[in-house]
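Position 1 is the first residue of the sequence, and the numbers go up from there.
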Amino acid sequence: MYRLYYLGLIFLLGCDSNPINDNDIINDDSSSISIFFGSISNQTIELNLNTSHEIGGFQFTISGATITSFNDGLAQEYGFSIASNPDTGIIIGYSLSGNSIPSGSNGLLTNLSYINQNSSICISDVILSDPDANSLNINLIGDCIEY
């Protein structure tokens, strides 16, 4: 009986009555994150990023074209690897060495080379995370680009 009492007492004394929520920083109303298409050609399309948060990884789905490769931009500059599944259109950007895209970065995230395009290319199911793998709120996602 005393063991249960002591375990309960240790539990209550060990709890922080004012825990810090890691998401408080991530959900800050002053933050701004947007991801959107830039210029498009017959073979490539720019994917741009503006962020007030550090980016540790990203995932999104591209529909309307088969993405064949990625190059340049912030992802390459900060050592991210990018992988895709042509069957589903899912694209993932990550760094195995713990690199991140710094807060305040604005510009080209990567160039997407594509084939088999339809009349429009769309981005959906966008997930951006901080270096601790916490999901970030995105203020603007550019939906589709038509050509």
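- Using a 4.5 Å cut-off between side-chain heavy atoms of Ile, Leu, Val, Met, Phe, Trp and Tyr, with links allowed through other members, I55 and I138 fall into the same hydrophobic cluster.
- Summarising the geometry, atom CD1 belonging to I82 is positioned 11.5 Å from atom OG belonging to S95; distances are rounded to the nearest 0.5 Å.
- A distance of 9.0 Å separates CD of E46 from OG of S41, quoted to the nearest 0.5 Å.
- Checking each of L128, I141, N137 against I33 for a side-chain contact (heavy atoms from CB on, under 4.5 Å) leaves exactly one that passes, namely L128.
- Within the 4.5 Å cutoff, the side chain of H53 has no heavy atoms near those of the D130 side chain.
- A pairwise comparison of heavy atoms in G38 and N48 identifies CA-ND2, 3.3 Å as the closest pair.
- For N118 (side chain) and S120 (main-chain N/O), no donor-acceptor pair under 3.5 Å exists by modelled atom type.
- A chain of hydrophobic side-chain contacts below 4.5 Å, direct or via other Ile, Leu, Val, Met, Phe, Trp or Tyr residues, connects L49 to I145.
- Looking only at distances, no side-chain donor or acceptor of T61 sits under 3.5 Å from a matching main-chain atom of G89.
- Without hydrogens or angle criteria, Q59 side chain to I127 main chain gives no donor-acceptor distance under 3.5 Å.
- Taking each heavy atom of S129 and L136 in turn, the nearest pair found is C-CD1, 3.7 Å.
- Taking hydrophobic clusters as Ile, Leu, Val, Met, Phe, Trp and Tyr residues chained together by side-chain heavy-atom distances below 4.5 Å, L109 shares a cluster with F37.
- Contact annotation: the side chain of Q76 approaches that of N71 to within less than 4.5 Å [non-hydrogen atoms, C-beta and beyond].
- Results of the side-chain contact (heavy atoms from CB on, under 4.5 Å) test with L112 over T44, I123, I62 single out I62 as the only residue that passes.
- A continuous path of Ile, Leu, Val, Met, Phe, Trp and Tyr side chains, each step under 4.5 Å between heavy atoms, connects I92 with L96, placing both in one hydrophobic cluster.
- Interatomic distance, CD1 of I40 versus CD1 of I45, reported as 4.0 Å (0.5 Å rounding).
- Formation of a donor-acceptor pair under 3.5 Å by the S32 side chain with backbone atoms of S52 is not found in this model.
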- Message: Using the rule given for side chain to side chain contact (heavy atoms under 4.5 Å, CB included), can you reason through N50 versus F36, listing the C-alpha separation, both sets of side-chain angles and the distance that settles it, and then say yes or no?
- Response: CA-CA 9 Å; N50 293 331; F36 53 95; 3.6 Å; yes
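- With a 4.5 Å cut-off on side-chain heavy atoms, S84 and I91 count as touching.
- Of the possible donor and acceptor atoms, one in the side chain of N99 sits under 3.5 Å from a partner among the backbone N and O of Y78.
- Between E54 and S100, the shortest heavy-atom contact is OE2-OG, 2.5 Å.
- With a 4.5 Å cut-off on side-chain heavy atoms, L47 and I35 count as touching.
- Residues F58 and V126 have side chains not in contact (no heavy-atom distance under 4.5 Å, counting atoms from C-beta outward).
- With hydrophobic clusters built from ILVMFWY side chains whose heavy atoms lie under 4.5 angstrom apart, Y94 does not share a cluster with L74.
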